[in-house]
Amino acid sequence: MITATFEYLRAGSVDEALDMLRRHGDDAKLLAGGHSLLPMMKLRLARPEFLIDLGGLEELRYIRRDGDMLAIGALTTHDMVSTADLSRSDAPLLAHSASQVGDPQVRHLGTLGGSLVHADPAADLPMAVVACSAVMVAQGEQGRREIAADDFFSSPFETALREDEILVEIRIPRRAGIGWGYEKFTRRANDWAIVAAATLGGRIVLANMGGRPLRALAAETALAAGASAREAAALAPEGMEPADDMHADAEYRRHLARILVGRALEQARG
């Protein structure tokens, strides 16, 4: 299957990409690694008239320390995030989550920013950045602004980015030495998660239990009050309304949430 006809534009800088967005508006889509957008275009779920390729913007491909934060450029690939010494030491939960995305081919081409902006509620990395208390840096014609990961994901495939903005950087608090946990249940290797769980520093986040990554607030509160991992995990799906689909019904997803959160908490405690 091939895509509908579109005009290909290659941006030479962030400013040039922003100018292209301004000129073409709703008719344009940004292309990073392409592993999320291109399949949607082939299925006619997305039909942009203009495709703005950001792939040549090396200025958005980096991992570096910035005080007590780890700064990661939006075009940094999953493979870079999962293997770089800085991310493995300062943000090990994010590094591990990136290592679980797709297969090696996807990880070498897919980008952190692309996955986050795509905002699939079953994806690994949106869940991970919420668990890590990340901050997203968006750039538009009015300059840069920061958006907390908790506020970035609004609904399936929708984020807080404005139409004239580009995600340029992800900032992660450096948490070397702090226990973390990550669990994911799939039908087959490389599949999207039926349910996944991540925990770090008292935060507990679930994927595919709603239209965006959801914090298990009841479980977090119980854990802070001294509950055991098992007791807190029993509360993980409280207040959530997971969907029924061909892979699992809502009650099975609630069951998985309890199991996976329990495992993730035990992993975090060592």
Side-chain angles (χ1 to χ4, degrees), residues 13-14 30 32-36 54-119 123-139 144-153 159 161 166-184 190 196-205 207 213 264 267-270:
S13 67
V14 172
L30 298 173
H35 283 86
S36 299
L54 305 178
L57 303 187
E58 291 299 320
E59 63 194 277
L60 298 184
R61 209 181 308 274
Y62 57 84
I63 302 174
R64 57 180 177 240
R65 286 175 175 155
D66 184 5
D68 60 357
M69 304 291 280
L70 189 68
I72 305 176
L75 291 186
T76 305
T77 65
H78 307 316
D79 181 69
M80 291 172 64
V81 174
S82 66
T83 60
D85 290 341
L86 281 180
S87 52
R88 288 167 63 89
S89 64
D90 291 0
L93 171 58
L94 182 68
H96 177 76
S97 299
S99 76
Q100 302 301 301
V101 176
D103 54 29
Q105 183 178 11
V106 169
R107 292 193 291 273
H108 277 83
L109 292 175
T111 64
L112 175 58
S115 178
L116 298 180
V117 171
H118 184 58
D124 300 82
L125 292 167
M127 174 184 70
V129 296
V130 174
C132 291
S133 305
V135 175
M136 314 300 183
V137 181
Q139 183 170 333
R144 292 192 172 195
R145 68 183 180 111
E146 295 187 346
I147 310 166
D150 283 359
D151 302 321
F152 186 75
F153 305 100
T159 73
L161 278 180
I166 295 173
L167 178 64
V168 293
E169 185 175 271
I170 299 89
R171 298 177 63 80
I172 310 287
R174 294 169 56 196
R175 308 295 289 273
I178 296 180
W180 57 274
Y182 171 97
E183 292 288 335
K184 176 180 177 180
N190 303 332
T199 182
L200 173 70
R203 283 187 167 230
I204 303 169
V205 186
Q267 180 184 351
R269 290 181 173 181

Counting N and O atoms only, with roles assigned by atom type, does the side chain of R107 sit under 3.5 Å from a partner on the main chain of V101, one being a donor and the other an acceptor?
-> yes

Scan side-chain atoms only and decide if S133 and R203 contain a donor-acceptor pair under the 3.5 Å cut-off.
-> yes

Has D85 got more than 12 heavy atoms of other residues, nucleotides or ligands less than 6.0 Å from its CG?
-> no

Min side-chain heavy-atom separation H78-L125 under 4.5 Å = yes

Apply side-chain contact (heavy atoms from CB on, under 4.5 Å) to S13 and list each qualifying residue two or more places apart in sequence or on a separate chain.
-> D15, E16, E59

Who pairs with T83 by side-chain hydrogen bond (donor to acceptor under 3.5 Å, both in side chains), at least two apart in sequence or on another chain?
-> none

Using salt bridge (Lys or Arg N to Asp or Glu O under 4.0 Å) as the criterion, list what pairs up with R145, not counting sequence neighbours.
-> E165

Can you list the residues that meet the ring-ring contact (aromatic ring centres under 6.0 Å, His included) rule with F153, with sequence neighbours excluded?
-> none

Minimum heavy-atom distance between A138 and L161, given as atom pair plus value | CB-CD2, 3.5 Å

side-chain contact (heavy atoms from CB on, under 4.5 Å) filter on D68, not counting sequence neighbours, yields none

If you round to the nearest 0.5 Å, how far is CG of L167 from CG of L60?
-> 9.0 Å

For the atom pair CG (L54) and CG (L30), what is the distance rounded to the nearest 0.5 Å?
-> 5.0 Å

Of the non-hydrogen atoms in V14 and L57, which two are nearest, and what is the gap between them?
-> N-CD1, 4.0 Å

Taking only residues two or more places apart in sequence or in another chain, which ones pass salt bridge (Lys or Arg N to Asp or Glu O under 4.0 Å) with D151?
-> none

Evaluate the side chain to side chain contact (heavy atoms under 4.5 Å, CB included) criterion for residues S89 and R65: first the C-alpha distance (whole Å), next the side-chain angles of each, then the deciding distance (0.1 Å), finally the verdict.
-> CA-CA 11 Å; S89 64; R65 286 175 175 155; 3.7 Å; yes

Of the non-hydrogen atoms in V81 and A98, which two are nearest, and what is the gap between them?
-> CG1-CB, 3.8 Å

With no hydrogens and no angle check, is any side-chain donor or acceptor of T199 less than 3.5 Å from a backbone partner on A264?
-> no

Measuring from R61:CZ to L75:CG, what's the distance to the nearest 0.5 Å?
-> 5.0 Å

Set of residues satisfying side-chain contact (heavy atoms from CB on, under 4.5 Å) with respect to R269, sequence neighbours excluded | L223, A229

Which distance, rounded to the nearest 0.5 Å, do you find between the SG of C132 and the CD1 of I178?
-> 10.5 Å

Could you go through the side chain to side chain contact (heavy atoms under 4.5 Å, CB included) check for L109 and T77 one step at a time?
-> CA-CA 6 Å; L109 292 175; T77 65; over 6 Å; no

Could you pull out all residues at least two apart from A134 that satisfy side-chain contact (heavy atoms from CB on, under 4.5 Å)?
-> V129, A149, I170, I172

CD1 of I72 to CZ of R64, rounded to nearest 0.5 Å, is 11.0 Å

Could you please spell out the steps behind the side chain to side chain contact (heavy atoms under 4.5 Å, CB included) verdict for S87 and L94?
-> CA-CA 7 Å; S87 52; L94 182 68; 5.8 Å; no

With rounding to the nearest 0.5 Å, note down the distance linking CD1 in I63 to CZ in R88.
-> 11.5 Å

Applying salt bridge (Lys or Arg N to Asp or Glu O under 4.0 Å) to E146 and not counting sequence neighbours gives none

May I have all residue pairs that pass side-chain hydrogen bond (donor to acceptor under 3.5 Å, both in side chains) and include part of residues 166-179, sequence neighbours excluded?
-> Y62-E169, D66-R171, D90-R174, E169-R171

Considering non-hydrogen atoms only, spot the tightest contact between A32 and G114 and give its length.
-> CB-CA, 4.3 Å

Residue set satisfying ring-ring contact (aromatic ring centres under 6.0 Å, His included) with H96, at least two apart, ordered chain then number -> W180, Y182

How close do G179 and L200 get, heavy atom to heavy atom, and via which atoms?
-> O-CD1, 3.6 Å

Nearest heavy-atom pair of L93 and G181: which atoms, and what distance?
-> CD1-O, 3.9 Å

Side chain to side chain, F152 and V135, heavy atoms closer than 4.5 Å = no

